Amino acid sequence: MADQFQGIEPMVYQSKINVPYSWWAGDTATRFFVALRDEKKIIATKCGACGKVFMPPRKTCPLCFTANTEWVDVSDEGTVLTFSVARRQLAAIPQDRKVPVIWGLIKLDGADTAILHYLDEVKPEDVIIGMRVKAVFSETRKGTIRDISHFKPVK
Amino acid sequence: MDRAAIIGVGMTKIEKSKVRETFADMAWEAVNKALADAGMSIDDIDNVVTTSSDFWDGRTISCMAVGDASGAADKNTSCVEGDGTYGAFYGYTRALSGSYKTTLVTGHSKGSQCISSLITNASFDPICERGLGMDMITACAMQANAYMNRTGLRPEDMAMVSVKNHGNALKNPMAQLPMNITVSDVIKSEMIADPLHKLDCSPVSDGCCAVIIAHESVATKFKQKPVWIRGLSLCTDSFFFGDRDLARSNALVEAAKNAYKMAGIKDPKKEIDIVELYDAFTYQELLWLEEMGLADYGKAAKLLEAGEFNINGPLPVNPSGGLLSGHPVIAAGLYRIAEVVMQLRGDAGEHQVKKAKTGIAHGVNGLCGQSHCVWILDKER
Ligand SMILES: [Zn+2]
């Protein structure tokens, strides 16, 4: 085929795949979010067979393949298992967050698995694995994971 | 058990932006190269597996869209969403089923056409995680921190992977980023997400790869020397990071163990001659080598420093330059298979390694290596 692009810009079709979508949160996440929103409490599901406590709450135990029937309170304090610090304003970062943005994988006291959330009120260079952190709840809470604003170091 | 072999491979050059080519254009090129490599015509292919991802392609049922260019018309065609090694795994099982003799597997991707941060953010749990705004790079930075904390690995150690792989790419005409760089260049490059500098990360890439898998009954019927599939396994870890030990990869330990067992490999350190693995980030090359049993945990960097994984070393790792030198998501694992096949046949050209009888090709799917696919390929049956 002759090179029809010689000396010209190839044609590019500009579009987007922005399709509105609604996720049914499910009864397990709903109960978790309602407790965050209305009581500033963090609750988790517990496996009746192996006793593991899951954060974020799961309806079933992936290890035992049984339904988790019990709910337990977990602490709003925990330990940072690992973390990352965005220095570039990556496209996925929400508009209201400016770099450096720090995320932690946080194991709350009383839970056996860890959740992802923001670390804040701390400089990136002061974050270390193993540090103790505490949840700070948002002023306005709408029943989402961001009803927890972030985790801050325990003084 | 029946055997199967790879009898043809074809790949496009990996580029930053193939702005002049559509997905089908890339598939057409890779498929025709694979057919020519095998000495086959499209009529010799009895079924097709295409591999793609709808989010990356910006359309639904994306794998069907390259069917025409892959010669799939009127053939039994199926699609896999995920890395190309998983599409090839399916192709292999089809060969073993007894119903198919020759399977063409393709994998394609154009990272240049979308925004990878948004696409990979969409793989997080939409209810509990996605709104926090993490993506593949910030997730893997988290894994790198956990791994460094556990093993004492330093940024300079990870940087050596970038130096080696970009250097290897100088000899691979298909690579996107051949570069002569130093550890200091890596450390001085932009910090994107601590501890990952720009040169610790694979680039955004476009490319397509195709491989042809044949049942043993027809594996020697065509002109190309078959490369035999000796061992193959894939294993998947938990979805949520907080359910896994991010400093390790249990899924890869299991996948490698199963693949070695199937291949009858007792001491992989001695019996594997070459590895092409999924180094989306520098630390991953070291962690994956360790979890595959090719280095002790936390010790791969020492071996790398000693030159063990160099192209002329005892165990060349990513002689092609790896993903760090070109990362067409989805196709990347299929490129690893094609590279190992060329190495075992002695057809790798400038980046040919010296002794290569048995090789590993490795693919990954999911955030922070949630799932791993390990192929043991062999020159001899
Ligand atoms: Zn259980």
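Computed from a prediction, not measured in an experiment: that's the story for all the values here. In what follows, every chain begins at residue 1, and chains take the letters A, B, ... in the order their sequences are listed.
Taking all atoms of both residues into account, the shortest heavy-atom contact from V183(B) to A159(B) is CG1-CB, 3.9 Å. Across all non-hydrogen atoms, the minimal contact from I127(B) to A25(A) is CD1-CA, 3.7 Å. In this structure, C61(A) and C47(A) approach most closely via the heavy-atom pair CB-SG, 3.7 Å. Taking each heavy atom of A255(B) and C235(B) in turn, the nearest pair found is N-SG, 3.6 Å.
The neighbour count for I8(A) CD1, taken as heavy atoms of other residues, nucleotides or ligands under 6.0 Å away, is above 12. Residue-environment remark: CD1 (I128(A)) exceeds the threshold of 12 foreign heavy atoms within 6.0 Å. The neighbour count for F239(B) CZ, taken as heavy atoms of other residues, nucleotides or ligands under 6.0 Å away, is above 12.
When heavy atoms are compared at a cutoff of 4.5 Å, F124(B) approaches chain A solely by way of its side chain, counted from C-beta outward. Interface remark: A29(A) contributes side-chain atoms only to the contact with chain B (heavy atom separation under 4.5 Å). For F240(B), the part lying under 4.5 angstrom from a heavy atom of chain A is the side chain only.
F33(A) has its side chain within reach of I145(A): a pair of non-hydrogen atoms, C-beta onward, lies under 4.5 Å apart.
Counting heavy-atom pairs closer than 4.5 Å to chain A, the top-ranked of the candidates L246(B), L196(B), I192(B) is I192(B). If you tally non-hydrogen atom pairs under 4.5 Å between each of P126(B), A139(B), C114(B), P195(B) and chain A, the highest count goes to P126(B). The candidate from I17(A), I93(A), L116(A) with the greatest count of non-hydrogen atom pairs under 4.5 Å with chain B is L116(A).
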For chain A and chain B, what donor-acceptor pairs lie under 3.5 Å, backbone included?
{"residue": "D3(A)", "atom": "OD1", "partner": "R20(B)", "partner atom": "NH2", "Å": "2.8"}
{"residue": "D3(A)", "atom": "OD2", "partner": "R20(B)", "partner atom": "NH2", "Å": "3.2"}
{"residue": "R58(A)", "atom": "NH1", "partner": "D243(B)", "partner atom": "OD2", "Å": "2.7"}
{"residue": "R58(A)", "atom": "NH2", "partner": "D243(B)", "partner atom": "OD1", "Å": "3.0"}
{"residue": "T82(A)", "atom": "OG1", "partner": "M142(B)", "partner atom": "O", "Å": "2.7"}
{"residue": "T82(A)", "atom": "OG1", "partner": "A146(B)", "partner atom": "N", "Å": "3.3"}
{"residue": "F83(A)", "atom": "O", "partner": "N145(B)", "partner atom": "ND2", "Å": "2.7"}
{"residue": "S84(A)", "atom": "OG", "partner": "T138(B)", "partner atom": "O", "Å": "2.9"}
{"residue": "V85(A)", "atom": "O", "partner": "D194(B)", "partner atom": "N", "Å": "3.0"}
{"residue": "R87(A)", "atom": "N", "partner": "I192(B)", "partner atom": "O", "Å": "2.8"}
{"residue": "R87(A)", "atom": "NE", "partner": "D194(B)", "partner atom": "OD1", "Å": "2.8"}
{"residue": "R87(A)", "atom": "NE", "partner": "D194(B)", "partner atom": "OD2", "Å": "3.4"}
{"residue": "R87(A)", "atom": "NH2", "partner": "D194(B)", "partner atom": "OD2", "Å": "2.9"}
{"residue": "R88(A)", "atom": "N", "partner": "I192(B)", "partner atom": "O", "Å": "3.3"}
{"residue": "R88(A)", "atom": "NE", "partner": "E190(B)", "partner atom": "OE1", "Å": "3.4"}
{"residue": "R88(A)", "atom": "NE", "partner": "E190(B)", "partner atom": "OE2", "Å": "2.9"}
{"residue": "R88(A)", "atom": "NH2", "partner": "E190(B)", "partner atom": "OE1", "Å": "2.7"}
{"residue": "A91(A)", "atom": "N", "partner": "S117(B)", "partner atom": "OG", "Å": "3.4"}
{"residue": "A92(A)", "atom": "N", "partner": "S117(B)", "partner atom": "OG", "Å": "3.0"}
{"residue": "W103(A)", "atom": "NE1", "partner": "L132(B)", "partner atom": "O", "Å": "2.9"}
{"residue": "A114(A)", "atom": "N", "partner": "G242(B)", "partner atom": "O", "Å": "3.2"}
{"residue": "Y118(A)", "atom": "OH", "partner": "L132(B)", "partner atom": "O", "Å": "2.8"}

Step by step, work out the side-chain contact (heavy atoms from CB on, under 4.5 Å) result for L81(A) and I129(A).
-> CA-CA 6 Å; L81(A) 298 186; I129(A) 289 173; 5.8 Å; no
